[in-house]
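Structure first, commentary second.
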Number of protein chains: 2
Amino acid sequence: MRPESDTKQKLLTVAMDLIWESSYGSVSVDDICTKAGVNKGSFYHAFKSKSDLAVAAFERHWESKRPLLDQIFSAQIPPLERLEKYCQAIVNDQKQKYQSFGKMLGCPFCSVGSELSTQDEKIRQKAEQIAVRSLKYLESLIRDLAAEGLIEAKDTAELAEEILSYVTGVLMQAKIENSVKHVERLQHGVMRHLGIKSPSSVTA
Amino acid sequence: MRPESDTKQKLLTVAMDLIWESSYGSVSVDDICTKAGVNKGSFYHAFKSKSDLAVAAFERHWESKRPLLDQIFSAQIPPLERLEKYCQAIVNDQKQKYQSFGKMLGCPFCSVGSELSTQDEKIRQKAEQIAVRSLKYLESLIRDLAAEGLIEAKDTAELAEEILSYVTGVLMQAKIENSVKHVERLQHGVMRHLGIKSPSSVTA
DNA sequence: CTTGCACTATACCGACCGGTCAACTACAGT
DNA sequence: ACTGTAGTTGACCGGTCGGTATAGTGCAAG
């Protein structure tokens, strides 16, 4: 086929969708192949295992989100506004998924990471790597918030980890509660953790 | 057998252990039966499905933790000390599991809840119920902290949800990172979220 | 002794699992 | 036209899945 590897791309997209909607364990290779319109043999020509596909799907999903993240966390934007946009992007994403699927899906990296971290080391490492990448955005944001005197941060790295834990925790609880309500207060909770009082701008 | 249902108890305990160590999807009914020394027939005499067993195991695990929780959150203890003990209990539990299994296991309710919330409504509801029970402890604690003037809490329920999200988020990240380091800062992070400065007592 | 019942034991079910394989196709370089 | 190779196809593998069927056990009440 001409288009490089159409098959690979299709498999990655479909795998991410299916696994995000249910779980790694409950989605079979056949499920993925069927929905992607790809034969079993082609699957194993493109990826050497189901686990391998999951790792690649993680990477691809992150890459697909990067442009938006780079935009949100742009140094051109005042840090407080970055924070707002970040939280809003998460909330919007979750709401959109909720409308599509009728249920809260949470963070795919965390859901699968939490499911498989004790069993599949490669997937655990990938989930960890993505957490580390997320922390880079947050650390930079926190430093800039401190530079503007909005917060006092002696321990930037630790604070970033706390924020990430909180954000992912909220998404997990929202999934368990299967409700958007919880996640809508995300920004408020993040602000409280950072010790920022402000009602800030409207941003609407 | 005399001892009521020894079989049932054994299955519940073994199921919790195995599922906590790996995941719901990767533990089979046969695995559970073998490790519990129970035959398949007896399993399905005691529980009508694997999912049913999981729900019962959740309930049993919570009940086994209740005495400790009631003790930690006793109104006889100053609220700040309750908070410290709560965090310490979690850290100790995680460390102990880490030593036993060589890996971080996180919170079983959250791991399984996150894995199955979109697929098994009964398990989702059980996980949610346990979250609600946990919130009761936290809300009461927060009210008492406010009564002592240690924090200002207009929105007790929301604050309790935030703390629970943070705590479970930390446990999940610790599992993904497979490190105790992260979870050791739990108390510090909780204090920050509550806006309590104090280095407080040593408690060591 | 006999009946009834809670519980156990094991063989078994069809469906499905992740993964393999050899035959095949399409196309690039020669 | 010939060959090497990347990619495709679908039948097929042994094993395992959650769950069932049925026969058998020990025991307490009649």
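Quick note on labels: first sequence line is chain A, next is B, and so on, each numbered from 1.
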I'd like to know if the side chain of Ser111(A) pairs up with that of Glu115(B) as donor and acceptor (distance under 3.5 Å, no hydrogens or angles considered).
no
Side-chain donor or acceptor of Asp120(A) paired with backbone N/O of Ile123(A) under 3.5 Å:
yes
Is the phosphate of dG18(C), meaning OP1 or OP2, less than 4.0 Å from a side-chain N or O of Lys50(A)?
yes
Find the distance Lys10(B):NZ to dT8(C):P and express it as a whole number of Å.
13 Å
Please work out which of the three classes, parallel, tilted or perpendicular, describes the rings of Tyr137(A) and Trp62(A), given edges at 30° and 60°.
tilted
Protein-nucleotide distance (Asp120(A), atom CG; dG18(C), atom C1'), rounded to Å:
14 Å
Please give, in whole Å, the distance from dG7(D) P to Leu11(A) CG?
13 Å
In terms of side-chain heavy atoms of Tyr44(A), which of dT20(D), dT20(C), dT8(C) is nearest?
dT20(C)
Parallel, tilted or perpendicular: rings of Tyr166(A) and His193(A) (30°, 60°)
parallel
Using OP1 and OP2 only, check whether a side-chain N or O of Thr7(A) sits under 4.0 Å from dT8(D).
yes
Residue met sooner reading DNA chain C from 5', once Asp30(A) and Lys48(A) are mapped to nucleotides:
Asp30(A)
Between dA11(D), dT8(D), dG18(D), which one does the side chain of Val29(B) approach most closely?
dG18(D)
In numerical order, the residues of residues 20-28 of chain A whose heavy atoms come under 4.0 Å of DNA chain C are Val27(A), Ser28(A)
Do Thr118(B) and Arg124(B) have a side chain donor and acceptor closer than 3.5 Å?
no
Spacing of Phe43(A) atom CZ relative to dC21(C) atom C1', expressed in whole Å:
17 Å
Less than 4.0 angstrom between a side-chain N/O of His45(A) and OP1 or OP2 of dG7(D), yes or no?
yes
Answer yes or no: does a side-chain N or O of Asn39(B) lie under 4.0 Å from OP1 or OP2 of dT8(C)?
no
Are Ser22(A) and Gln119(B) linked by a side-chain donor-acceptor pair shorter than 3.5 Å?
no
Comparing Val38(B) and Asp31(A) on DNA chain C - which has the more 5′ nearest nucleotide:
Val38(B)
Measure from the side chain of Ser42(A), starting at C-beta and using heavy atoms only, and say which of dG19(D), dT20(C), dT9(D) lies closest.
dT9(D)
Separation of atom CZ in Phe47(B) from atom C1' in dG19(D), rounded to whole Å:
16 Å
List the steps and the verdict of side-chain hydrogen bond (donor to acceptor under 3.5 Å, both in side chains) for His45(B) and Thr7(B).
CA-CA 10 Å; His45(B) 178 77; Thr7(B) 299; over 6 Å; no
Expressed in angstrom and rounded to an integer, what is the separation of Lys40(A) atom NZ from dA23(C) atom C1'?
18 Å
